[in-house]
Amino acid sequence: MTPFYMLSDFARSLFSLWALLLCLTIIGSAVLAAIRKRLLFTALALVLFAPCYLMWQIVFDISLFSHTDKSSKLSVLSGGLPWVGWLFAFAALTAAAAFLLVKNIRYDKTYITNRTIKLYLDRVPCGICCWRENGRVLFSNICMNRLCEVLTGEQLLNGRQFSDAVGDGIVNADGRVRRFLSREILLNNERLYEIIASDITDEYAKTEALKKDKEELSRLNRELSDYYLGIDESVRRREILQAKIKIHDEMNRLMLSTVAADKNDTETLDEIFSLWEQNALLLSVSSDKKRGQHNISSVKSLAKSLGLRLIWSEESLSELNGSQKELFFFTAREAVVNAVKHADAEEMRISFEKTRDKLIFRFSNDGKMPLGEVNFEGGLSNIARLVQKQGATLHTEVGERFELVLGFEINGE
């Protein structure tokens, strides 16, 4: 078997190059392991480096002194070994060096390290920055560095200054909408600070669209409410017209009854005259409504015609303006009618109370208490819409007596 030192110069040069590449590979593996603080792999790389470097020196020595007396005893002894043994030794060292290199390279892909965290945070779409109390930046990803340049025109060198510049809130930067949130964190008994810039472009656009839709819906609701009020007013006018037609028909009947009545029948004549009085009163009230003339006498006359005793201080109306008085008389007439119609009341009190910011009118009657919850229906529902339109309030209270409470804001129109 041919000894190693008898190989050609070219063959020994290849072995020398092989040994040099092994040394460089093992040095690289040792550096990677040291950076990742893998002390065991670092020690193995240094142990493996020793034979590779020694074999490289032996090959260099044999090539330089040609296996003469000037060569070291180790070089002479090693050079006399068969070249196949050298080949197997180099192959074993190569396999070991490749194993160390692969393990160090794959470490980042199978274990969480500082480098993998940095790599991941550089890929997230939000900006992240962490700094000490003195402003020294401990970490910032690529996104936050770019945002700092866009917003301040400077590099991100001081986290405190950058946080003071942007603050907490929503900022339009780099063509995207960002929400900046900062917080304090305690790590290893050290107070650190963190700011995160989240990308909320899509959410912000949807929120703005929702606000516009909400405003449009509010406008449609107002228009619809006005439309309903117009419908209610048309229905009310039609009902008044029908009532007037009925009253006129009744008056024609009364005229015929009056002409045909026996003048000596006092009881029949009293009944006829009473009907004349009631119809005349209803016509008067209807005429007042048509002209928009709402006054105290119309309410009192209505109460009298319905057999309801009305207790009321008229001076309380001096605090109201025109539209408020109109709403008050609408409410008063509806309260009088409902007290007789639904509660069989015999008496109604209209009381007045003035607070620092409100004028309050209470319509209380001595009739039967309602069963269950009171809902505003019919005429009261129309009044409730007018109340809402004027910014007033309307509600019911049930105690010793049933009360309908109407409130006006002072200085309200």
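Remember, it's a predicted structure, so these values are computed and weren't measured experimentally. We're numbering straight along the sequence, starting at 1.
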Q.
To check you understand the geometry: which heavy-atom pair defines the closest contact between Leu100 and Ala45, and what is its length?
A. CD1-CA, 3.8 Å
Q.
Any heavy-atom pair between the side chains of Phe328 and Ile350 that's under 4.5 Å?
A. yes
Q) Between Asp122 (side chain) and Ile142 (backbone), is there a donor-acceptor pair under 3.5 Å? A) yes
Q) Do the side chains of Leu302 and Leu306 get nearer than 4.5 Å, heavy atoms only? A) yes
Q) So, the side chain of Asp9 versus the backbone of Ala11: is there a donor-acceptor pair under 3.5 Å, distance only? A) no
Q.
Let's go through Lys358 and Glu353 carefully: what are the C-alpha distance in whole Å and the side-chain angles of both, what is the deciding distance for salt bridge (charged side-chain N to carboxylate O under 4.0 Å, His left out) to 0.1 Å, and is it a yes or a no?
A. CA-CA 8 Å; Lys358 263 196 173 186; Glu353 177 185 355; over 6 Å; no
Q. Counting heavy atoms not belonging to Glu203, are there more than 12 under 6.0 Å from its CD?
A. yes
Q) Just how far is it from atom CD1 of Ile383 to atom CG of Leu394, taken to the nearest 0.5 Å? A) 7.5 Å
Q. Take atom CD in Glu216; do more than 12 heavy atoms of anything else shown fall under 6.0 Å from it?
A. yes
Q: May I ask you to check whether over 12 heavy atoms, not counting those of Arg123, lie within 6.0 Å of atom CZ?
A: no
Q: Would you please test Arg401 and Glu403 for salt bridge (charged side-chain N to carboxylate O under 4.0 Å, His left out) and show each step?
A: CA-CA 6 Å; Arg401 296 164 66 102; Glu403 292 185 349; over 6 Å; no
Q: Give, for atom CZ of Arg132 and atom CG of Leu187, the distance between the pair rounded to the nearest 0.5 Å.
A: 9.5 Å
Q | Residue pair Ile105 / Leu32: nearest heavy atoms and the distance that separates them | A | CG1-CD1, 4.4 Å
Q: Report yes or no: does Thr201 contribute a side-chain atom to a donor-acceptor pair with the main-chain N or O of Arg176 at less than 3.5 Å?
A: no
(Q) Does Arg38 qualify as a cation-pi partner of Phe41, given the criterion of NZ or CZ under 6.0 Å from the six-membered ring centre and within 45 degrees of its axis? (A) yes
Q. Looking only at atom types and distance, does a side-chain atom of Ser163 sit under 3.5 Å from a main-chain N or O of Gly159, one as donor and one as acceptor?
A. no
**Q.** Pair Trp18-Thr94, side-chain donor/acceptor within less than 3.5 Å
**A.** yes
Q) Any idea how Phe329 and Trp312 line up, ring-wise: parallel (<30°), tilted (30 to 60°), or perpendicular (>60°)? A) perpendicular
Q) How long is the span from the CG atom in Leu386 to the CZ atom in Phe330, to the nearest 0.5 Å? A) 7.0 Å
Q | Closest heavy-atom pair and its distance - Leu308, Ala345 | A | CD1-O, 3.5 Å
Q) Between CZ of Arg178 and CE of Met144, what distance do you get to the nearest 0.5 Å? A) 8.5 Å
Q.
Looking at Ile128, is its backbone amide N or carbonyl O close enough to the side chain of Asn141 to form a donor-acceptor pair, meaning the two atoms are under 3.5 Å apart?
A. yes
Q | Distance-only polar pair, side chains of Gln324 and Gln390, donor-acceptor under 3.5 Å | A | no
Q. Is any side-chain heavy atom of Asp199 closer than 4.5 Å to a side-chain heavy atom of Cys126?
A. no
Q: For the residue pair Phe15 and Phe90, categorise the inter-ring angle as parallel (less than 30°), tilted (30 to 60°) or perpendicular (more than 60°).
A: perpendicular
Q: Mark yes or no for whether Asp168, through its side chain, and Ser182, through its backbone, hold a donor-acceptor pair below 3.5 Å.
A: yes
(Q) Tell me which pairs pass ring-ring contact (aromatic ring centres under 6.0 Å, His included) where either residue lies in residues 381-410, with sequence neighbours left out. (A) none
Q. Is there a donor-acceptor pair closer than 3.5 Å between any side-chain N or O of Ser16 and the backbone N or O of Arg12?
A. no
Q) Regarding Arg160 and the six-membered ring of Tyr193, is the cationic atom NZ or CZ under 6.0 Å from the ring centre and inside 45° of its axis? A) yes
**Q.** Flag if over 12 foreign heavy atoms under 6.0 Å of CD, Glu346
**A.** no
Q.
Side chains of Ser198 and Arg179: any donor to acceptor distance under 3.5 Å?
A. no
Q. Ala19 and Cys52: which non-hydrogen atoms are nearest, and at how many Å?
A. CB-O, 4.1 Å
Q | Plane angle bin for Phe180 and Phe162 - parallel if under 30°, tilted between 30 and 60°, otherwise perpendicular | A | perpendicular
(Q) Is it the case that atom OH in Tyr53 sees more than 12 heavy atoms from other parts of the structure closer than 6.0 Å? (A) no
